[in-house]
2 protein chains.
Amino acid sequence: MLKGNSSYIQQINKRLVLECIINEESISRASISKKLSLSKPTVSSIVDQLLEDEWIYETGNGESPASGGRRPVNLKFNPQKGYIVGVDIGGTKVAIGITDLNGKVCEFTVFPTQQYEGDSIFNEIQLGVETLKKRLHLSDSKLLGMGVGIPGVINMASGLVIEAPALKWTNFPILEKLKERFDYPIFVDNDVNISVLGEHWKGIGQKRDNLVYIAIGTGIGSGIMINGELYRGRNFSAGEIGYMVTDRDYAKNYRPVFDGYGFLESVASGSSIGNELSKRIGKRVTAKDAFDLYLKKDKDAVTVIDFAIENLSLGIANYISILDPELIILGGGVSESYHVISDKVQSIIDRFTPKKCEVVQTAFGIEAGVIGAVALFLKEYDSIFDI
Amino acid sequence: MLKGNSSYIQQINKRLVLECIINEESISRASISKKLSLSKPTVSSIVDQLLEDEWIYETGNGESPASGGRRPVNLKFNPQKGYIVGVDIGGTKVAIGITDLNGKVCEFTVFPTQQYEGDSIFNEIQLGVETLKKRLHLSDSKLLGMGVGIPGVINMASGLVIEAPALKWTNFPILEKLKERFDYPIFVDNDVNISVLGEHWKGIGQKRDNLVYIAIGTGIGSGIMINGELYRGRNFSAGEIGYMVTDRDYAKNYRPVFDGYGFLESVASGSSIGNELSKRIGKRVTAKDAFDLYLKKDKDAVTVIDFAIENLSLGIANYISILDPELIILGGGVSESYHVISDKVQSIIDRFTPKKCEVVQTAFGIEAGVIGAVALFLKEYDSIFDI
DNA sequence: TATTAGTTAGTAAGTCTTACTAACTAATAC
DNA sequence: GTATTAGTTAGTAAGACTTACTAACTAATA
């Protein structure tokens, strides 16, 4: 806990005033004073500073009440006060975007992740960021910083990617690589962690503070938000739902095909569904193909996918029993077929959990990772503006 | 977030100073000033107030350094400044204790939980508390309040025990019942929740802030501490490990014998071990009997207990995968036989989790619940003293 | 053994910063 | 014209800080 002094007091109150202005479409000094129980001179003084720093602006007068009185001056938050770069590095593509403080993606670009030496990818990112800056005519001073999402285990303190199988990185000094090319603050975290931050800020998880985001794709991983804060765990390994065991007997014969691959991933991920069905029908199919066949009631597809659904549902149910979250949000390639299986999933969950919990599919599209990466930055960056 | 003003600042600094004094065996004003980067007059002013309110006391002079200089005055925390009542209501017994602010149990008593109407049990508790107060010659002003632990789901906001099967309570207004008999602040929570608080404060979980406490007895439940705070979940149902499913196929035929009873409880709790073995050998045995037979390599006992161990271990492993805690502490009747099965449990856990996590048995004895209940009170009660 | 120089703990007085109250002006509805 | 409300100014309150001081101590020296 920080010791208190006068400047600490003002920092607290300034954050409160700014948050108040953000939460209302527009608001007056008198209204802020009432809402926050701060005296009118105090509010006026703080508003003067926020106006000077361009966090807010005046938008003309409001209406005076029927009882009479001076018209209030309306104040509004200025989302163009600053911009943030969001970078989402995936196994197959890298997305880069620049957003304002409302999370509006002003510019966006994507390129395929190629099997370069690690450094070439950073040169490409640097080029992408410069391109987007030019399109927006952004000065350096307007850029507050950068958030980056990566599929792997990240140690935020040391700035190392401890392991990221999809990118073939181990103990990779990503923060150093990025700081060589960008001279503003940078924060890096796991991709499902930034996803739950993004859902909380601008997604389907808004206005709730205890969320779980589960990504079901080539792997299965999850991000956890508790009391409005990302929960990472002691070894930055919280949320490894892919490791969960839901079939004791079947798990006896389970052997990980590589390090960092868990039981639930081996039975319920997109790639394992595709692989298992391919084996059975003697033909190469993808997970999407598998779901299409499932809808056509193909016997093999039904067997493989029902087995996966049962394990996945139990994994989600176990999550609910342990965390009792407000909402579970599903993302990743397999979640796009969620409507196909949602009734069955919900039925299993309802049967094995103490309390009902809503499970929904993310509403975010291709820009999800960028918004999540920006949310990471805004959460970690020390400023009077917070999300 | 509270708005900042001068009295808020002083509250912050007073807490910091008190915490500093508690954390050292004894300390001087000058030392506190250095440690907290507060000016010496500020520390002196705050220390004066703490002395006046008897939170601390002076214990003579320390040594001056070899470089010369005035001897410091040593200050110490006064654990007798206040006392707290802890009440642990179990299915078979009720424990009552009074502790000081160091968690020292000064007086303790226990009586069997009898099948009274609910109110008789509160009369007995009131009698017990009065008896302990008399033994300690405690005035009312010295008693800060009461913490209570109960095996069930508690809504802390409404003060209702939503359900407690072992006590046969449903939507039971426990806070009201207690406030009728005691006129100081009272906090009630689930018994595994208070257990993890107790382990954090005075138990094996000291100095760590991300803990899980798992109680394995007639049921199986757990308490979760995250970043030093108890995590209860959206419906006060977090930590319901007893509901976890670890055997997909076996769970297909699972039917709860009553509401509030989950899959893992049905295969790994003490009562289910005893019941299952009794069925097999056609003779009534307890869980303890079962473990004794297991040690003697009785075939049926081995089958039943190995099955329970596998499921329990996978449940713990799943917990580690999801939460990545610093420590898992086991309590409850079955945990007393943990040494018998710990190697097998650890082996399964190590195989199915991404990161190693220590699993230990609680070191607490009969007074565990009382200390946990007191910890609940000290966590929830708004005072400059915090744990 | 007495004295002096240097160091440290704790206190006194004044200053600074921020929020507050009281009083005021500007602006509006009825 | 009166009552009401928004916003501003002047002066005050509370807490922490800085500066200077006193009290108390050790090491070095005569």
Side-chain angles (χ1 to χ4, degrees), chain A residues 1-18 20-21 24 26-52 56-76 384, chain B residues 1-18 20-21 24 26-52 56-76 384:
Chain A
M1 196 191 333
L2 219 59
K3 74 178 182 179
N5 59 20
S6 295
S7 65
Y8 180 61
I9 286 189
Q10 184 161 93
Q11 198 76 332
I12 287 177
N13 290 338
K14 195 181 276 188
R15 286 174 194 272
L16 285 171
V17 170
L18 184 59
C20 198
I21 297 171
E24 306 285 331
S26 80
I27 193 171
S28 69
R29 290 166 178 81
S31 213
I32 294 170
S33 171
K34 286 196 203 94
K35 279 180 180 290
L36 298 180
S37 301
L38 280 169
S39 70
K40 290 196 284 179
T42 296
V43 172
S44 279
S45 168
I46 290 176
V47 160
D48 281 348
Q49 290 173 51
L50 293 174
L51 285 166
E52 187 172 341
I56 63 178
Y57 58 101
E58 292 180 341
T59 61
N61 290 338
E63 296 300 311
S64 41
S67 49
R70 188 173 162 176
R71 290 182 184 207
V73 176
N74 280 333
L75 304 163
K76 284 186 132 183
I384 65 167
Chain B
M1 194 190 341
L2 218 59
K3 73 180 182 179
N5 59 20
S6 294
S7 63
Y8 178 62
I9 284 192
Q10 183 161 93
Q11 199 75 334
I12 286 176
N13 290 338
K14 195 181 277 190
R15 285 173 193 271
L16 285 172
V17 170
L18 183 59
C20 196
I21 297 172
E24 306 285 332
S26 79
I27 194 170
S28 70
R29 290 164 178 80
S31 211
I32 293 171
S33 171
K34 288 197 202 91
K35 278 180 181 290
L36 299 180
S37 300
L38 281 168
S39 70
K40 290 197 284 179
T42 297
V43 172
S44 280
S45 168
I46 289 176
V47 161
D48 282 346
Q49 290 173 50
L50 293 174
L51 284 167
E52 187 171 339
I56 62 177
Y57 58 100
E58 292 179 342
T59 61
N61 290 336
E63 294 301 312
S64 40
S67 50
R70 184 173 162 177
R71 292 184 183 205
V73 176
N74 281 333
L75 304 162
K76 285 186 132 185
I384 64 165

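Because the structure is a prediction, the values reported are computed rather than measured. A, B, ... follow the sequence lines: proteins, then strands. Residue 1 opens every chain.
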Distances under 3.5 Å between protein N/O atoms and the N/O atoms of nucleotides 24-27 of chain C, please, pair by pair.
| unit_1 | atom_1 | unit_2 | atom_2 | d |
| --- | --- | --- | --- | --- |
| dA27(C) | N3 | Arg70(A) | N | 3.3 |

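- With Lys40(B) contributing its side chain and Ser33(B) its backbone, the two residues share no donor-acceptor pair below 3.5 Å.
- The distance from atom CG of Asn13(A) to atom CG of Asn5(B), rounded to the nearest 0.5 Å, is 8.0 Å.
- Once rounded to the nearest 0.5 Å, the distance linking CD of Gln49(B) with CD1 of Ile46(B) reads 7.0 Å.
- The distance from the CD1 atom of Ile21(A) to the CD1 atom of Ile32(A) is 4.0 Å, given to the nearest 0.5 Å.
- Contact of the Val17(A) side chain with the Leu38(A) side chain is registered, since non-hydrogen atoms from C-beta on lie closer than 4.5 Å.
- Helical stems involving DNA chain C, defined as 3 or more consecutive Watson-Crick or G-U pairs under 3.5 Å, span C:1-30 with D:1-30.
- Remark: C1' of dT17(C) and OH of Tyr8(B) are 18 Å apart, rounded to the nearest angstrom.
- Taking atom CD1 of residue Ile12(A) and atom P of nucleotide dT17(C), one finds them 18 Å apart after rounding to whole Å.
- At a threshold of 4.0 angstrom between heavy atoms, the contacts of Val73(B) are confined to the sugar-phosphate backbone, with no base atom among them.
- For the pair Leu36(A)/Val43(A), no side-chain contact is recorded, criterion being any heavy-atom separation below 4.5 Å from C-beta on.
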All N/O contacts under 3.5 Å from nucleotides 15-17 of chain D to the protein, with atom names and distances to one decimal?
| unit_1 | atom_1 | unit_2 | atom_2 | d |
| --- | --- | --- | --- | --- |
| dA16(D) | OP1 | Asn13(B) | ND2 | 2.7 |
| dC17(D) | OP1 | Lys3(A) | NZ | 3.2 |
| dC17(D) | OP2 | Ser39(B) | N | 3.0 |
| dC17(D) | OP2 | Ser39(B) | OG | 3.1 |
| dC17(D) | OP2 | Thr42(B) | OG1 | 3.0 |

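- In terms of heavy-atom proximity, Ile27(B) sits nearest to Cys20(B) at CD1-SG, 3.9 Å.
- The distance from the CG atom of Leu50(B) to the CG atom of Leu18(B) is 5.5 Å, given to the nearest 0.5 Å.
- Summarising the geometry, atom CD belonging to Gln10(A) is positioned 9.0 Å from atom OG1 belonging to Thr42(A); distances are rounded to the nearest 0.5 Å.
- In this structure, Ser67(B) and Ser67(A) both approach DNA chain C, and ranking their closest nucleotides by distance from the 5' end singles out Ser67(B).
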What are the atom names and distances for every N/O pair under 3.5 Å that joins the protein to nucleotides 28-30 of chain D?
none

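- Across every non-hydrogen atom of Leu51(B) and Tyr57(B), the tightest pair is CD2-CA, 3.8 Å.
- Between Leu36(A) atom CG and dA19(C) atom C1' there is a gap of 13 Å when expressed in whole angstrom units.
- Residues Ile384(B) and Arg15(B) share a closest heavy-atom pair of O-CG, 3.5 Å.
- Of the residues in residues 58-65 of chain B, Ser64(B), Pro65(B) come within less than 4.0 Å of DNA chain D through at least one heavy atom, sorted by number.
- Atom CZ of Arg29(B) and atom C1' of dT11(C) are 10 Å apart (whole Å).
- In this entry the distance linking CD1 of Ile27(A) with P of dA6(D) reads 11 Å, nearest Å.
- Rounding to the nearest 0.5 Å gives a distance of 9.0 Å between CG of Leu2(B) and CD1 of Ile12(B).
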Give every donor-acceptor pair under 3.5 Å between a side-chain atom in residues 58-75 of chain A and any protein atom, sequence neighbours left out.
| unit_1 | atom_1 | unit_2 | atom_2 | d |
| --- | --- | --- | --- | --- |
| Glu58(A) | OE2 | Arg29(A) | NH2 | 2.9 |

